[in-house]
Amino acid sequence: MRWSDLYVPTLRDDPADADAASHRLLVRGGFVRQLMAGHYSLLPLAVRVRAKVVGIVREEMDRIGAQEWLLPAMHPAEVWQKTGRWEAMGEEMFRLKDRKGADLALGMTHEEIVATAALELASYKQLPQTWYQFQTKFRDEPRPKSGLMRVREFTMKDAYSFDLDQAGLDRSFERNHGAYTRIFRRLGIPAIPVQASSGSMGGSTSIEFMSPTEAGEDLVAHCACGYAANIEKATSVVAAVEDAASSALPEPFDTPDAKTIDELAARHGVPADRQIKTLVYVLDGRLTLVLMRGDHGLVEQKLLDTMAARTLRPARPDEIRDALGASPGSLGAVGVAHLPVIADEALRGRRAMTTGANKDGVHLRGVDVGRDLAVGQWADLREVAVGEPCVVCGAALAVVRTVEVGHIFQLGTKYTEALGVTVLGPDGSRVTPVMGCYGIGVERAMAAVVEAHHDDAGIVWPVAVAPFEVAIVPIGGANEAVAAVVGSLYDGLRAQRVDVVLDDRDERPGVKFRDIELVGIPYRITVGPRGLAEGQVEVTVRETGGSTSVAVGEAVAYVRGLVADATVR
C-alpha cells in the first residue's frame, strides 16, 4: 500500500471532547470519526486493526473447536418476553415496530436467539457445542463516552456453549477462559481475570477480564495472593469491633442540625462507624429498607444480586415520608415491621449504635441490632476500600480503575428452560442443556490496546494488530538510487508477507515521521542518499525510538525477523 493512496486524515491537535488517551489518539491518528454520540465511523486504518483483532479472536475460538455463526441483529419481542428480559433490559434496549405493528428490538446480546437456534439439537450425542459470531450490538447507553470505550453501536464476539450437564459446562468454561487468556496476550492487552456479578445475564459463575486504565469505569480489588474481584463482587475482612452494652431501650435525642452521617458525627460526637445508615430503595416495585454501617458505601449490584431483583431505584422523598413518616436524614428501622429490611453483614451483632428515629430532627442511641431491628435478610452489601484485609490472605487490598475487555458466564439453564430447549439424554429422558456465554467487544479491545500502548508522540501498536507492520520512508527528494532501493525493499517485504506501507508523499521527512509515530507503525525503514552512500538504510523501532543502520541487502531479512520475534503466538 502507498500512503498517497490511503485516506489517513491525521490531526495536529487533540479533539476538544476527548476524555481518554485512546479517544484522543484514534481521532488524531485518522482512525475514527464520530457520527453522533456513541456512534463512530471506522476509517481505513481502524478497519485494518479491527480485521487483525477479529482474526486473532477467530483463530483462538476455532482452536477450542468453536463454530462460527451469524445471527440476526433485529429480534422479535416474543423471544425476549419468554425469558423476561424484554421488561428487565429497560431503556438500554433499542425498540421499534415494523409496518405491521410487531414489536422488535435491535440486539443487545444474543442469548435468546442462539437458544432458539438450539431448538434443533436432538440428542446428547450432539453435545457439547460452542457457537460464536461477530455481530453488531446496540445498547442505548445513557452516557456514551471515551470514544470506542463506551458506545451505543459496536461489534461483539459472543460465543455460547451447550453442554449436557454442569461438569460439561465447567469444561467449556475453562476452555473459553484459556482462549481468552491467549487472545488478550496476543492482542497486547494486560487483562486481569476477576470475579464478577452476572447481572442481567443470570447464571452463576462470572469472570470479567479487566484491563487497568484511568479511562475505565470499573474498580477492581486485587491482592498479590491472586484474589481479584470487580468492586460489584469484591469482599474483604471487616475488623472486629468491641461495643459497649446497649441501654435497656433505644433513647431518642434531638438532632435538628444533623441530616447526614458527617453532620451527626461532627455535631453530636457519634462516629460514622457507630451509626446505622438507613437507605430506602424500590426493588421490583416494593419499598425496602437497606441498612449499612455509617462509614460504608452500598454497592447496588450486590443488592440486586442478593434480592434476585430485576429493577432497583432509590425511593422518592414522598414515598419515604408516606412509608416512614420522616424525611431522609432521620430514618431508621427500629419498630419497622411493615417493610422488608435487609442489612449488611458488618452490622451483625452490633450494639450501642445510633440511627434515625423516623421523626424529623430526632435520632435514637443505644440501639442493639439483634434486639431492636427486624432484619429479614443479611448480606454482604458494602463497597470494599483500599487497604482492607484480603479475604484469602489478610494482606492489604489494592483497588485499581479498569475497563472490561471480556466477560464469561456460566448461564446454566435460564435460557434453555425459557425457550424449551431439550435433548434426548443417555437414558432416553429429556434433558435441558446448560449454557455458557463468552463475550469480547472488538472495538473496545482496540481502544484498550491503545490505552496500554501509547506515548506522547502517539499510538504504539503491538505488531499483531498494527495497521501496518513496517513503513518505508524515502527522503532526500527525487533520487533514482533511493527509488530503486525503496522499490526493492517494498517488493521484498511484501514477498515475505510483511504488512508494509510506502510513504511516498511529497512531504518533509519530519511530517512523515510524525504521522508514522502518531498512527503507531511498529517499524520504520528510512532510505536516503547519505545512508545509501555507505550501503545502509536506517531501521527505527517505534516502541523504543532506537535506530539501527542495516546493510541494504540484509534489510528485508532483518526487518522480517523483528516482526516475527515481536508477534506473540
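Residue numbers start at 1 and run along the sequence shown. Basis for what follows: all heavy atoms, side chains included, without hydrogens, waters or symmetry-related copies.
Phe94 and Phe138 have perpendicular rings, their planes meeting at more than 60° on a 0 to 90° scale where under 30° would count as parallel. Ring pair Trp131/Phe162 is tilted by interplanar angle, where 30° to 60° counts as tilted.
The local environment of CZ in Arg286 is sparse, with at most 12 non-hydrogen atoms from other residues, nucleotides or ligands closer than 6.0 Å.
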Using side chain to side chain contact (heavy atoms under 4.5 Å, CB included), reason through Arg274 and Asp243 one step at a time and then give a plain yes or no. CA-CA 9 Å; Arg274 302 207 64 81; Asp243 290 332; 3.0 Å; yes

Show, in sequence, the C-alpha distance, side-chain angles and deciding distance for Arg310 and Asp284, and conclude whether the salt bridge (Lys or Arg N to Asp or Glu O under 4.0 Å) test is met. CA-CA 6 Å; Arg310 292 183 175 180; Asp284 287 344; over 6 Å; no

For Leu289 and Val280, run side chain to side chain contact (heavy atoms under 4.5 Å, CB included): C-alpha distance rounded to whole Å, both residues' side-chain angles, the deciding distance at 0.1 Å, then the answer. CA-CA 5 Å; Leu289 300 191; Val280 188; 3.7 Å; yes

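Rounding to the nearest 0.5 angstrom, the gap separating the CG atom in Asp305 from the CD atom in Glu232 is 8.0 Å. Note that the CG atom of Leu279 and the CD1 atom of Ile276 stand 12.0 Å from one another [nearest 0.5 Å]. For the atom pair CG (Leu364) and OG1 (Thr255), the distance works out to 9.5 Å, reported to the nearest 0.5 Å. In this structure, the separation between NE2 on His453 and CG on Leu187 is 9.0 Å, given to the nearest 0.5 Å. Rounding to the nearest 0.5 Å gives a distance of 9.0 Å between CE of Met108 and CG of Asp140. The distance from the CD atom of Gln410 to the CE atom of Met435 is 12.5 Å, given to the nearest 0.5 Å.
Between the side chain of Ser206 and the backbone N or O of Phe409, no donor-acceptor pair lies under 3.5 Å. In terms of modelled atom types and a separation under 3.5 Å, the side chain of Gln275 and the main chain of Val270 share a donor-acceptor contact. Formation of a donor-acceptor pair under 3.5 Å by the Tyr415 side chain with backbone atoms of Thr116 is not found in this model. Under a 3.5 Å cut-off, the side chain of Tyr160 and the backbone N or O of His110 do form a donor-acceptor pair. Here the side chain of Glu443 pairs a donor or acceptor atom with the backbone of Thr155 at under 3.5 angstrom. Remark: side-chain polar atoms of Thr416 are paired, donor with acceptor, to backbone N or O of Pro433 under 3.5 angstrom. Remark: the backbone N or O of Gly436 is paired with a side-chain donor or acceptor of Ser161 at under 3.5 angstrom. A donor-acceptor pair under 3.5 Å links the side-chain atoms of Arg371 to the main chain of Ala248, judged by distance alone. Remark: the backbone N or O of Ser22 is paired with a side-chain donor or acceptor of Glu451 at under 3.5 angstrom. Looking at Asn230, its side chain never comes within 3.5 Å of a backbone N or O of Ala196 through a donor-acceptor pair.
Annotation: side chain of Arg182 is in contact with side chain of Ile64 (closest heavy-atom distance under 4.5 Å). Contact check for Met89 versus Glu92: no side-chain heavy atoms found under the 4.5 Å cut-off. Counting heavy atoms from C-beta outward, Val391 and Leu397 have side chains that stay 4.5 Å or more apart. In this structure the side chain of Arg444 never reaches within 4.5 angstrom of the side chain of Phe154, judged on heavy atoms. Inter-residue side-chain proximity for Ser246 and Arg350 is flagged as unmet; no heavy-atom pair is nearer than 4.5 Å. Inter-residue side-chain proximity for Leu304 and Glu300 is flagged as unmet; no heavy-atom pair is nearer than 4.5 Å. By the 4.5 Å heavy-atom criterion applied to side chains, Val57 and Phe134 are counted as neighbours. At a threshold of 4.5 Å between non-hydrogen side-chain atoms, the residues His23 and Val450 do not count as touching.
Nearest heavy-atom pair, Ala379 versus Thr306, reported as atom, atom and distance to 0.1 Å: CB-CG2, 3.5 Å. Taking all atoms of both residues into account, the shortest heavy-atom contact from Val405 to Phe184 is O-CZ, 3.5 Å. Contact record, Ala447 with Met149: CB-SD, 3.7 Å, taken as the closest heavy-atom pair. When all heavy atoms of Tyr180 and Gly406 are compared, the closest pair comes out as CE2-CA, 4.3 Å. Heavy-atom minimum distance, Ala244 versus Ala352: O-CB, 3.6 Å. The nearest pair of heavy atoms linking Ala228 to Pro193 is CB-O, 3.9 Å.
The existence of a salt bridge linking Asp380 and Lys302 is confirmed by a sub-4.0 Å separation between a basic side-chain nitrogen and an acidic carboxylate oxygen. A salt bridge does not link Lys259 with Asp360: none of the charged nitrogens is closer than 4.0 Å to a carboxylate oxygen. Under 4.0 Å is where a charged nitrogen must lie from a carboxylate oxygen, and between Asp273 and Arg293 no such pair does. Here Glu111 pairs with Arg85 in a salt bridge; the nearest charged N to carboxylate O distance falls below 4.0 Å. A salt bridge links Glu388 with Arg382: the distance from a Lys NZ or Arg NE/NH1/NH2 to an Asp or Glu carboxylate oxygen falls below 4.0 Å. A salt bridge does not link Arg401 to Asp218: none of the charged side-chain nitrogens sits closer than 4.0 Å to a carboxylate oxygen. Here Glu319 pairs with Arg313 in a salt bridge; the nearest charged N to carboxylate O distance falls below 4.0 Å. A salt bridge between Glu208 and Lys233 is absent, with no side-chain N of the basic residue lying under 4.0 Å from a carboxylate O of the acidic one.
Results of the side-chain contact (heavy atoms from CB on, under 4.5 Å) test with Leu169 over Leu411, Thr205, Val434 single out Val434 as the only residue that passes.
With sequence neighbours excluded, the residues that form a salt bridge (Lys or Arg N to Asp or Glu O under 4.0 Å) with Asp14 are Arg24, Arg28. Partners of His177 under the ring pair (Phe, Tyr, Trp, His ring centres under 6.0 Å) rule, at least two apart in sequence or in another chain, are Phe209.
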Under 3.5 Å, side-chain donor or acceptor atoms of residues 323-336 against the rest of the protein: list the pairs with distances, not counting sequence neighbours.
residue: Ser327; atom: OG; partner: Arg321; partner atom: NH2; Å: 2.5
residue: Ser330; atom: OG; partner: Gly361; partner atom: N; Å: 3.1

